[in-house]
Structures are given as C-alpha cells and as structure tokens.
Amino acid sequence: MARPRVRLQLLLRRERRTPEGVRAVQKALQSLDMQPTASGAATVSAAMDAEAFEKRFGPVSGIVPFETDALETPPSLRKYVESVSVAPQHTYLKSPRGKPKR
C-alpha cells in the first residue's frame, strides 16, 4: 500500500523566477525529503511523505488548502521561496476512464 503523500506549492521570489532559480529550488527540495513534481514560471510543486511532512511542518490533520496559512519556509529555501503551502486536491469532472461522474 502506498504511503500517504502531501502535495506542496512553493512560490518563488520574484528575482528567483528564472530557470536557474527553479533548478536551485528543485535541488534544495531533494535534501529536505521533498520530491519536485512540476515547475512553472513562478512556482515549483513538490510532494513528500506525510510522516516527513509532520516532522518538518507539524500535523497534517487540520490543514485545509487555501484556508490554512502558509507553512514556515525551511531556512535553506528562504533566499529562493516566498511561501510554501499545501496544494489542493484535484477535482475530477470525469472519472479517470473518461466516463462522467454520477
């Protein structure tokens, strides 16, 4: 059985919104037990095991995406990252096989 994962969104500081800044954040994430999953012009997405999340940020329970304040940015990311937050779950309009949900 797969271990529970927590998805994160990291907002890059304006001056770090470069390919080099994104690569630096992705490298730093790996040393923090976070796996980079995607990146854009201003953000990097990552995932981490719930157990590792709780050791770094505190309990997972009670965190509501978009309603919970940003998490404390780890010191090694502060020069690159403006904020860290829990990403919302995807809302599927169709089932994974393409059939409408009932």
Side-chain angles (χ1 to χ4, degrees):
M1 185 167 142
R3 296 192 311 192
R5 311 267 296 154
V6 178
R7 295 180 320 117
L8 303 169
Q9 292 179 331
L10 296 91
L11 178 63
L12 301 177
R13 294 187 178 282
R14 193 169 299 280
E15 66 273 13
R16 302 297 184 174
R17 294 177 187 175
T18 64
E20 296 81 19
V22 169
R23 283 193 295 274
V25 169
Q26 290 172 327
K27 185 175 180 180
L29 289 174
Q30 293 173 350
S31 69
L32 297 169
D33 294 324
M34 299 179 198
Q35 293 74 45
T37 57
S39 63
T43 62
V44 173
S45 297
M48 66 189 307
D49 292 332
E51 184 178 325
F53 177 92
E54 289 188 346
K55 285 180 184 175
R56 180 158 307 279
F57 299 109
V60 174
S61 62
I63 291 180
V64 179
F66 296 128
E67 293 180 23
T68 302
D69 291 337
L71 303 169
E72 183 175 343
T73 302
S76 62
L77 294 175
R78 288 184 185 147
K79 85 180 207 182
Y80 299 102
V81 174
E82 194 169 305
S83 67
V84 179
S85 57
V86 174
Q89 295 294 322
H90 292 292
T91 301
Y92 294 99
L93 300 177
K94 292 185 177 184
S95 69
R97 296 192 177 154
K99 297 178 182 176
K101 289 179 82 171
R102 294 181 184 202

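Quick note: numbers below take in every heavy atom, side chains included, and nothing from hydrogens, waters or symmetry partners. Quantities reported herein were computed from a predicted structural model and do not represent experimental measurements.
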*asked:* Apply side chain to side chain contact (heavy atoms under 4.5 Å, CB included) to residues Leu10 and Tyr80 and explain how you reach the verdict.
replied: CA-CA 9 Å; Leu10 296 91; Tyr80 299 102; over 6 Å; no

Check: [Y] and [X] side chains under 4.5 Å, non-hydrogen atoms:
X: Val86; Y: Phe53; answer: yes
X: Glu82; Y: Arg14; answer: no
X: Leu11; Y: Arg16; answer: no

*Using the test salt bridge (charged side-chain N to carboxylate O under 4.0 Å, His left out), find all partners of Arg78 that sit at least two apart in sequence or belong to another chain.*
Glu72

*Is there a side chain to side chain contact (heavy atoms under 4.5 Å, CB included) between Thr43 and Gln9 once you walk through the steps?*
CA-CA 7 Å; Thr43 62; Gln9 292 179 331; 5.7 Å; no

*Residue pair Leu8 / Met48: nearest heavy atoms and the distance that separates them*: CD1-SD, 3.8 Å

_Shortest non-hydrogen separation from Pro74 to Val84 and the atoms involved_ = CD-CG2, 4.4 Å

Would you be so kind as to tabulate the donor-acceptor pairs closer than 3.5 Å made by side chains of residues 23-35, with sequence neighbours excluded?
from: Ser31; atom 1: OG; to: Ala28; atom 2: O; distance (Å): 2.7
from: Gln35; atom 1: OE1; to: Arg5; atom 2: NH1; distance (Å): 3.2
from: Gln35; atom 1: OE1; to: Arg5; atom 2: NH2; distance (Å): 2.8

